[in-house]
Chemist: 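Sharing a structure, written as structure tokens. Questions coming.
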Amino acid sequence: MSYRKELRVAELAVQRAALLTQRVFHEKAKGTLSKDDKSPVTIGDFGAQALIIHAIRRSFPTDEIVGEEEASSLRENKALADQIWRLVNSTKLEDEAAEEQVGGPIKSQREMLQAIDEGQSPGGSRGRIWALDPIDGTMGFLRGGQYAVCLALIVDGHIKVGVLACPNLPVDDSTPLSADVANDSGEGRGVLFSAVLGSGATSRSLSRGALEKSQSIHMKDVPNITHAIFCESVEAGHSSHSDQADIAKKLGITRQSVRMDSQAKYGSIARGAGDLYLRLPVRADYEEKIWDHAAGDLIVREAGGHVTDVEGRRLDFSLGRTLKENKGVIAAPKAVHEHVLDAVRSVLDSK
Ligand SMILES: Nc1ncnc2c1ncn2[C@@H]1O[C@H](COP(=O)(O)OS(=O)(=O)O)[C@@H](OP(=O)(O)O)[C@H]1O
Ligand SMILES: [Mg+2]
Ligand SMILES: [Mg+2]
Ligand SMILES: [Mg+2]
């Protein structure tokens, strides 16, 4: 199957949701709540989830959705729900045909809350399931760093389509990777990565209307691993900076890591701005969520990379809402992945 319509709807839905998150990014008050696991969620996360689920529902009414957020806290907080509604109700693509393809406007606040709540599928190995992270890297979003709007289609446990919007990454694929985010007008920033299984990966500029022309992206060759650029999470609680530093040392890498939030890390290595993404577990009991990896996993693999956990197993998206059989993530160009994995094993074995 070509998944042309799925790709089109996903790209436009993510693009529209990114317009909403960009508006919130530039505002001081982001309506932040703390969830049960103490992680933050903002009006941007809720609004983006509503718009994307609305778009999926219009085109693919019987598909299931595994979305990160749910609306129970909003049903008890009218002021916040009103604030999100104003945002959702006033965000649309400038291109009318494109706006139509993502289902047009949501009709009421009630319908918006219902949409947010339609992301509660348990996931699994059968049927068509969308994995949605409306803002990945919410902490990055709050501190003015990188974040991503992420959507992937999983069919019978395998990722077929992946789309990532990274509003704060440079548009130009060849810009050297850096942890900096300009706090200015955002000019020259905003990129949309996409991939369809078997068809390669692309990038294009995030626009306000119809989709811009895309170009193919590829991971960079790494003839000498000691020169590799590796990226890792900003939060020390999300991946082990010390294990990652030991692995880099073992590989002879001398350059400082680039720390950035979100699946912008996957997009950045897929387009050759960086080379490796290391995510070593901090807590043995943490199960990675499928929406934190699905789009990035496919985009990196379609750009010529290999993505596994720290034991060399492919990420398994067929087991529910989490990657319960995987620990950590190692993403690298195919040609050097085994070498990187050897270093990971040797560092973990020595602990
Ligand atoms: N303990 C632990 N270990 C690993 N991962 C965790 C953990 N806690 C949270 N999360 C998830 O990390 C998502 C953000 O990952 P990042 O790589 O962007 O981390 S960071 O923000 O740079 O620290 C973040 O995604 P969002 O919630 O979408 O922001 C979380 O789902
Ligand atoms: Mg979160
Ligand atoms: Mg996330
Ligand atoms: Mg999120």
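Atoms within a ligand are numbered from 1 in the order they appear, just like the ligands themselves.
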Chemist: How far is atom 26 (P) of ligand 1 from the closest protein heavy atom, and which atom is that?
Modeler: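 Of every protein heavy atom, Gly137 N, 3.7 Å lies nearest to atom 26 (P) of ligand 1.
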Chemist: Check each heavy atom of Ile135 against ligand 1 and say whether those closer than 4.0 Å belong to the side chain, the backbone, both or neither.
Modeler: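 Near ligand 1, Ile135 shows its backbone, while the atoms from C-beta on stay back.
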Chemist: Going by the angle between their ring planes, with limits at 30° and 60°, are Phe141 and Tyr147 parallel, tilted or perpendicular?
Modeler: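 Aromatic pair Phe141/Tyr147 classed perpendicular.
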Chemist: Are the side chain of Arg271 and the backbone of Ser203 linked by a donor-acceptor contact shorter than 3.5 Å?
Modeler: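 No: the side chain of Arg271 does not pair with the backbone of Ser203.
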Chemist: Under 3.5 Å, is there a donor on one side chain and an acceptor on the other for Asp45 and Thr42?
Modeler: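 The answer is yes; a qualifying pair exists.
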Chemist: Which of the N/O/S atoms in Asp136 sits closest to the Mg ion (ligand 3)?
Modeler: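 Nearest N/O/S atom of Asp136: OD1.
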Chemist: Please determine whether a side-chain nitrogen of the Lys or Arg among Glu6 and Lys160 lies less than 4.0 Å from a carboxylate oxygen of the Asp or Glu.
Modeler: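 Looking at Lys160 together with Glu6, the answer is no, because their closest N to O distance does not fall below 4.0 Å.
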Chemist: Taking the Mg ion (ligand 4) as the vertex, measure the angle between atom OD1 in Asp133 and atom O in Ile135; round to 10°.
Modeler: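 Vertex at the Mg ion (ligand 4): approximately 80°.
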Chemist: Need the ligand 1 atom indices (1-based, order shown) with element for anything under 4.0 Å from a heavy-atom of Thr138.
Modeler: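 Per the distance check, 29 (O).
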Chemist: Which atom name would you report as the N, O or S atom of Asp292 nearest the Mg ion (ligand 3)?
Modeler: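 For Asp292, the N/O/S atom sitting closest to the Mg ion (ligand 3) is OD1.
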Chemist: Heavy-atom distances under 4.0 Å are what count here, so tell me which part of Lys265 touches ligand 1: side chain, backbone, both or neither.
Modeler: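 Side chain only.
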Chemist: Under a 4.0 angstrom heavy-atom cut-off, which atoms of ligand 1 come close to Asp133?
Modeler: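 Per the distance check, 28 (O).
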Chemist: Donor-acceptor pair, distance only, cut-off 3.5 Å: does the side chain of Arg255 make one with the backbone of Ala228?
Modeler: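 Here the side-chain-to-backbone pair does not exist.
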Chemist: Measuring from the heavy atoms of Asp136, does anything fall under 4.0 Å of ligand 1?
Modeler: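 Under 4.0 Å: yes for Asp136.
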Chemist: Is it true that Glu235 and Ser233 share a donor-acceptor pair across their side chains at a distance under 3.5 Å?
Modeler: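 Looking only at side-chain atoms, Glu235 and Ser233 do not form any donor-acceptor pair under 3.5 Å.
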Chemist: To the nearest 0.1 Å, how far is atom 1 (N) of ligand 1 from its closest protein heavy atom, and which atom is that?
Modeler: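 Going by distance alone, atom 1 (N) of ligand 1 is nearest to Gly237 O, 3.4 Å.
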Chemist: To check your reading of the model: name the closest protein heavy atom to atom 30 (C) of ligand 1, its residue, and the distance in Å.
Modeler: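 Here the nearest protein heavy atom works out to Asp292 OD2, 3.6 Å.
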Chemist: Please write down residue, atom name and distance for the protein heavy atom closest to atom 11 (C) of ligand 1.
Modeler: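 Of the protein heavy atoms, Tyr286 OH, 3.5 Å lies nearest.
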Chemist: Glu288 side chain to Thr322 main-chain N or O, any donor-acceptor pair under 3.5 Å?
Modeler: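 Flag not set: sc Glu288 to bb Thr322 has no pair under 3.5 Å.
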Chemist: Quick check: does Val234 get an N/O under 3.5 Å from an N/O on ligand 1?
Modeler: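 Val234 vs ligand 1: N/O contact under 3.5 Å present.
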Chemist: Non-hydrogen atoms of Glu288 versus ligand 1: any pair closer than 4.0 Å?
Modeler: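 The answer is yes: ligand 1 sits under 4.0 Å from a heavy atom of Glu288.
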Chemist: Please write down residue, atom name and distance for the protein heavy atom closest to atom 18 (O) of ligand 1.
Modeler: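 Nearest protein contact, heavy atoms only, for atom 18 (O) of ligand 1 is Ser262 N, 2.3 Å.
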Chemist: Measuring from atom 12 (O) of ligand 1, which candidate in Lys38, Glu235, Arg279 has the nearest non-hydrogen atom?
Modeler: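 That would be Arg279.
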Chemist: Please answer whether the main-chain N or O of Leu319 pairs with a side-chain N or O of Lys324 as donor and acceptor at a distance below 3.5 Å.
Modeler: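 Side chain of Lys324 to backbone of Leu319, a donor-acceptor pair under 3.5 Å: yes, one is there.
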Chemist: Could you check atom 21 (O) of ligand 1 against the protein and tell me its nearest heavy-atom contact, residue, atom and distance included?
Modeler: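 Its nearest protein heavy-atom neighbour is Asp261 OD1, 2.9 Å.
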Chemist: If you measure only the distance, is there a donor-acceptor pair under 3.5 Å linking the side chains of His238 and Tyr286?
Modeler: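 No, no side-chain donor-acceptor pair sits under 3.5 Å.
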Chemist: For the pair Arg321 (side chain) and Ser121 (backbone), establish whether a donor and an acceptor sit closer than 3.5 Å, ignoring hydrogens and angles.
Modeler: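 Answer holds: yes.
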Chemist: Between Phe317 and Leu323, is any pair of side-chain heavy atoms under 4.5 Å apart?
Modeler: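 Contact flag for Phe317/Leu323 side chains = yes.
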Chemist: Could you identify the single nearest non-hydrogen protein atom to atom 27 (O) of ligand 1 and state the distance to 0.1 Å?
Modeler: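 Closest protein heavy atom to atom 27 (O) of ligand 1: Glu68 OE2, 3.0 Å.
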Chemist: Could you tell me whether the side chains of Ser90 and Arg23 share a donor-acceptor contact shorter than 3.5 Å?
Modeler: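 Side-chain D/A pair, Ser90 to Arg23: present.
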Chemist: Between Glu99 and Leu93, is there a donor-acceptor pair closer than 3.5 Å when you use the side chain of the first and the backbone of the second?
Modeler: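 Looks like yes, one N/O pair under 3.5 Å.
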Chemist: Under 4.0 Å, heavy-atom basis, I'd like to know which part of Lys289 is in contact with ligand 1: side chain, backbone, both or neither.
Modeler: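 For Lys289, there is no contact with ligand 1 at all, from either part.
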Chemist: N/O/S of Glu68 less than 2.8 Å from the Mg ion (ligand 3)?
Modeler: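 It does not; every qualifying atom lies at 2.8 Å or beyond.
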Chemist: For ligand 1, find out whether one of its N or O atoms is nearer than 3.5 Å to an N or O atom of Arg143.
Modeler: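 No; every N/O pair is 3.5 Å or more apart.
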Chemist: Heavy-atom pairs closer than 4.0 Å: do any link ligand 1 to the side chain of Gln263, the backbone, both, or neither?
Modeler: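 Contact part for Gln263 vs ligand 1: neither.
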Chemist: Side chains of Glu212 and Ser205: is there a donor and an acceptor less than 3.5 Å apart?
Modeler: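 No, no side-chain donor-acceptor pair sits under 3.5 Å.
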Chemist: At what distance is the nearest protein heavy atom to atom 9 (C) of ligand 1, and which residue and atom is it?
Modeler: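 Answer for atom 9 (C) of ligand 1: His238 NE2, 3.3 Å.
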